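What follows is one structure encoded as structure tokens, with my remarks underneath.
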Amino acid sequence: MAGRPRPQPEPQPHSPSASTRRRERWLVVLGVALHAVYMLSIFDIYFKSPIVHGMDPVPPRLSAAPAKRLVLLVADGLRADKFFEPDERGRYRAPFLRGVIEEKGRWGVSHARPPTESRPGHVSLIAGFYEDPSAVTKGWKANPVEFDSVFNQSRHTISFGSPDIVPIFCSNLPHSTWDTYPHEYEDFATDASFLDHWSFDQFQGLLNRSFDDIKLRQLLLQDKLVIFLHLLGCDTNGHAHRPYSSIYLNNVKVVDQIAESVYNLMENYFKDNQTAYVFTADHGMSDKGSHGDGHPSNTDTPLVAWGAGIRSPKFLAYTEKPDDGFRFVDDHKHDTPTPQDWALEGFERVDVNQADIAPLMSTLVGLPCPMNSVGSLPTHYLKLNKADEVEAVLANTKQILNQFLRKSQLKQSSSLYFKPFKPLTNYSSVLSQIEDLISERDYDTAMKHSEELRRMALAGLHYFQTYDWFMLMTTITLGYIGWMVNLILHVLQSYTSFPAILLKKALLHPKNTSMKVYIGGCFFMGLSSIILLLEKSPLLYHAYAFMTIFLWTRIVQNFEFLKAVWRESSNVPFKHTLNLLISSVIALFVLEFLVISFFDRKIYTWCFLVLGITGSTYVAFFIQASPVLGIYIWLACWFLSVFTLMPAEIPENNNLVILSGALIILIAVASRWANSNCTTFWLYLTRANKRDSQSSKLYFVQVILVAISSIMVWLSTSHRSQNRELHSLHQLINWSLAGVAMVLPLFSPPSVLSRLTSIFLGFAPPFLLLSIGYEAVFYSAFSMVLIGWIFVESANLYCSEESGSARRRSLVDGSVFGYEERHLQLSDLRIPLLFVILFNVAFFGTGNFASIASFEISSVYRFITVFSPFLMAGLLIFKLFIPFMLVICTFSAVTKIVRIPRLGCYFLVILLSDVMTIHFFFLVRNTGSWMEIGNSISHFGIVSAQVVFVLLLFALTNIYTRDIVVSSRQLTARKVM
């Protein structure tokens, strides 16, 4: 007894003060508001429209327009390779247009920029600019801002085609004649080439009517006429039958025949050789029958131009050209070799960016380029003399320069400190120099200067499009960092022993400086508000600045505490500082790993393979627990690692769902057996008193419900497959099983293992009934890992208390919150970190939570088959929430076992999530396919919303976990004696 330390007075149990709870409520409200406001910032940064108004058109000063009229033929969804390559018999699918390439005109590949969709593709062709990123606010369905186009500038436009495309350009155009077929014609079950014939037939009928209609004939005979035929057949057939199908390939021939018919019709009608023809496509088609991304099969489309104003073919011997560094908008090289099977190596190929076609068409009929166009005139297609060629390029340059000047003017008018685009500060002198060179007939030098000025103007447009990025991104990033520092401060002040230590050592001298700090904060808020008002900034800019200033004001208010913490930390042994650095580096590494997992869920396979080995090694050598526990951890982690290798689109396999029901029962039986163990670390998870017969009955009922659910999976599916409807009795039983099963855990014994096993069995019936394949087995594997986490924490605590160090230190060093709750320590960081990992596994274990569409709707067919979108979506989301509920129930149990405050851990979880939020903030994309852009937004939104999402799940699961009792060693020992 001599060596026994003098007993310390046991601290009185108490709850955190009312002021702490009040502060926490305000902190949560602040976090919700901050994440909601900052989530909107991506639309001000990444998704602002590039379109400006107020410029004047710039007509080209040509001696004469190369053509009186233009025919634009767009074969929607036509791939370049399927157009140019021969068929299996060696015959080319487009003999007429191939003859044009070899005898009459020029050809190349038009490179589309993602998103390779119909609306942005046609806007690029006809208006000369790429997808307006602000279209995300309209669900990509429409351009949110009015824009100029070739059709607007024309004297008259005639258009026939799809109801989704033609009205975009013609519905508000008074000088247009147009018509579309009904939406019902777009039938994926038929050969859609008849849609192309419809467009041609309408145009042919219009020409025929003109012989009897004098006004119509006069309209057709005027100059600057544009004719647009939208041919949807290839797109519809590509979606329905794939681009390698005979129907799609035959549609290529149909398109070629229509091009020939239009050419013959026009030449016979006008007989003046004053018509220019442009044939192209808006996008290609992937082998899967889809489009949207930047794959060459989607971005590479054919371009053939011939007729008035177009150069004749130029024969060239092919030579290997070095990479000149130029890239098209789809990142393809400038001089890509032409495939040999196209047999066109001898004819000069002139590739263009898709937006370049708009200024090409405008110049052909002597029109000003569309005022919002960013396309560069491809002069290699035009048959012009040197003077006209330079004038055409100069007009194109001035049109882009006008946009730059307008953006510069708008920004300068609302900026207190304006930063001009320095390379173009002397643009007027460059224009004067070009005009002088043209007067001197030095056309080559004038052309060179015009093209350089155009390139700089395009760079200037990008400069002003991103002008506010640095300010906004800095404000938002400082706001997130300020929020995270506030979280750290709150955790240090409320859930660690730092305040007591600092007061004991007289390092903390409370000073009433709050008022001065807040007055300073208000001053800076007012100053920023005045500056933003003078700059006519949007209201949300004020919110971003206010949030950031407020957060940093709170940090400055706690400056004395931070200074005292720094002094105390600088006096601790280097080993403790090294532990802090190592823990921080490991946490950052894990969080970056989780960021990568959003793009490749297979990474979790490697994660759990490694975790299985390291976890079992730690248990065996550091905790020195039973070897059985180490083997269990190893097997559970490796079992779970399999699921992220499986496809996100879950294949239907009802036998697997039924077998998983048996696996759930087997796990429950093993857990029930473990519940009777009252030795070593098990005493934290079980109660030493005799088993309650009522709990045995409850356990038996829950197992029966799981078994019945497995049977109902088979019965419901079999009946539905035979009768194509859900039996009403089956539907009633399934709803009853799911509802009753989730209520029963509330009546289970409050010991950790009994309650968690009951929760596991309670959510099993609804999850089984909502499962169609391997995700039912994932439920068991995931639960095994969660139970393993409980076992390891219990074993670790038992080992620590055996040594007597951890328990004694926690009682001596600081005050206690509630019954046996201790302060947070650095080693406790592992708990929120593991929670974040497992929470993300629940996101991506069986699919991609970023898109509800990645989950199979047939999951709900055992509850409802009549289409009800809200109920079906609700059931689907509930199924996705079940793994999250298990994670949070386990997390709550772990915090009770190790006796740490759950709310303190919640703030650490939010802190870790926001490290990922900052990363995803910089990963948001405004270019690429709609899916890529949408996923980048959803990734940022998911991690931003965790401050609310996790809190709501805590509130829901608290129903199950609030009365969980963790048996103390001392109490159990007394009962055993």
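Residue numbers run from 1 in the order of the sequence given. The figures here come from the full heavy-atom set of this structure, side chains too, leaving out hydrogens, waters and symmetry mates. What you see is a predicted model, and the numbers here were worked out from it, not measured in a lab.
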Give a yes or no answer on whether the side chain of S710 reaches the backbone of V706 with a donor-acceptor pair at less than 3.5 Å. yes

For I165 and S118, run side chain to side chain contact (heavy atoms under 4.5 Å, CB included): C-alpha distance rounded to whole Å, both residues' side-chain angles, the deciding distance at 0.1 Å, then the answer. CA-CA 8 Å; I165 298 299; S118 292; 3.8 Å; yes

For L645, does the CG atom have more than 12 heavy-atom neighbours from other residues, nucleotides or ligands under 6.0 Å away? yes

Please report the closest heavy-atom contact between S771 and E775, naming both atoms and the distance. CA-OE2, 3.1 Å

Aromatic ring proximity, centroids under 6.0 angstrom, F863 and W735: yes

Value for CZ (F608) from SG (C637), rounded to nearest 0.5 Å, stands at 6.0 Å

Would you say F700 has more than 12 foreign heavy atoms packed within less than 6.0 Å of its CZ? no

CG (L786) and SG (C889) are apart, to the nearest 0.5 Å, by 9.5 Å

Short side-chain to backbone donor-acceptor contact, R925 and S936, under 3.5 Å: no

Report the distance from atom OG1 of T957 to atom CZ of F881, rounding to the nearest 0.5 Å. 12.0 Å

For the CD1 atom of I733 and the OG atom of S728, what is their distance to the nearest 0.5 Å? 9.5 Å

Smallest heavy-atom separation, M712 atom then N734 atom, equals CB-OD1, 3.3 Å

Angle between ring planes, W483 versus H35, binned at 30° and 60°: parallel, tilted or perpendicular? perpendicular

With a 4.5 Å cut-off on side-chain heavy atoms, are T180 and S162 touching? no

Are the side chain of H239 and the backbone N or O of G289 linked by a donor-acceptor pair below 3.5 Å? yes

Verify, without hydrogens or angle tests, whether K879 (side chain) and L770 (backbone) share a donor-acceptor contact under 3.5 angstrom. yes

Distance-minimising heavy-atom pair for I888 and F835: CG1-CE1, 3.7 Å

What is the distance from atom CZ of R962 to atom CZ of R755, rounded to the nearest 0.5 Å? 9.5 Å

Using a distance-only test with no angle check, is there a side-chain donor-acceptor pair under 3.5 angstrom linking S754 and S751? yes

For P120 versus E131, what's the shortest heavy-atom pair and its separation? CG-OE2, 3.8 Å

Between atom OG1 of T961 and atom CD1 of I964, what is the distance when rounded to the nearest 0.5 Å? 5.5 Å

Measure up the Y181 and Y185 rings against each other and bin them: parallel (under 30°), tilted (30 to 60°), perpendicular (over 60°). parallel

With the side chain counted from C-beta on, respond yes when M285 and D235 share a heavy-atom pair under 4.5 Å apart, and no when they do not. yes

Please verify the inter-ring angle class for Y960 with F763; under 30° counts as parallel, over 60° as perpendicular, anything in between as tilted. perpendicular

Could you check whether F778 and Y774 have their ring centres less than 6.0 Å apart? no

Would you say the ring centroid of F643 lies under 6.0 angstrom from that of Y604? no

Trace of the ring pair (Phe, Tyr, Trp, His ring centres under 6.0 Å) decision for H241 with Y248: CA-CA 7 Å; H241 308 288; Y248 179 91; 9.9 Å; no

So which heavy atom on K896 is nearest to which on D963, and how close? NZ-N, 4.2 Å

Do L756 and I787 have side chains that get closer than 4.5 Å, going by heavy atoms? no

According to the interplanar angle, ranging from 0 to 90°, do the rings of F921 and Y46 count as parallel (below 30°), tilted (30 to 60°) or perpendicular (above 60°)? perpendicular

Between the main-chain N or O of N298 and the side-chain N or O of H283, is there a donor-acceptor pair closer than 3.5 Å? no

Does the side chain to side chain contact (heavy atoms under 4.5 Å, CB included) test come out yes or no for M916 and L912, once each step is laid out? CA-CA 7 Å; M916 297 168 60; L912 297 173; over 6 Å; no

Take E24 and F907, measure what side chain to side chain contact (heavy atoms under 4.5 Å, CB included) needs, and give me the verdict at the end. CA-CA 10 Å; E24 285 177 342; F907 288 122; 3.9 Å; yes

Check whether any side-chain heavy atom of L705 sits under 4.5 Å from a side-chain heavy atom of L744, and report yes or no. yes

What is the minimum heavy-atom distance between F891 and W789, and which atoms define it? CD1-CH2, 4.0 Å

Donor-acceptor contact present, side-chain T605 to main-chain V642, <3.5 Å: no

F598 side chain reached by L923 side chain, heavy atoms, under 4.5 Å: no

Is the closest side-chain donor-acceptor distance between E186 and T236 under 3.5 Å? no

Side-chain donor or acceptor of S245 paired with backbone N/O of R242 under 3.5 Å: yes

Taking the side chain as every heavy atom from C-beta outward, state whether S783 and L886 have any pair of such atoms under 4.5 Å apart. yes

Does the S597 side chain pair with the main chain of R601, one donor and one acceptor, at a distance under 3.5 Å? no

Over 60° means perpendicular and under 30° means parallel, so tell me whether Y906 and F954 are parallel, tilted or perpendicular. perpendicular

Check the pair S660 / Y779 against side chain to side chain contact (heavy atoms under 4.5 Å, CB included), numbers first and verdict last. CA-CA 9 Å; S660 67; Y779 181 84; over 6 Å; no

When you measure from the side chain of Q946 to the backbone of S944, do you find a donor-acceptor pair of N or O atoms at a distance under 3.5 Å? no

Using a 4.5 Å cut-off on heavy atoms from C-beta on, say whether the side chain of M784 contacts that of L640. no

Taking C-beta and beyond as the side chain, do P766 and M742 meet within less than 4.5 Å on heavy atoms? yes

Using the ring centroid of each side chain, check whether F884 and F949 are separated by less than 6.0 Å. yes

When you measure from the side chain of S671 to the backbone N and O of A668, does any donor-acceptor pair fall under 3.5 Å? no

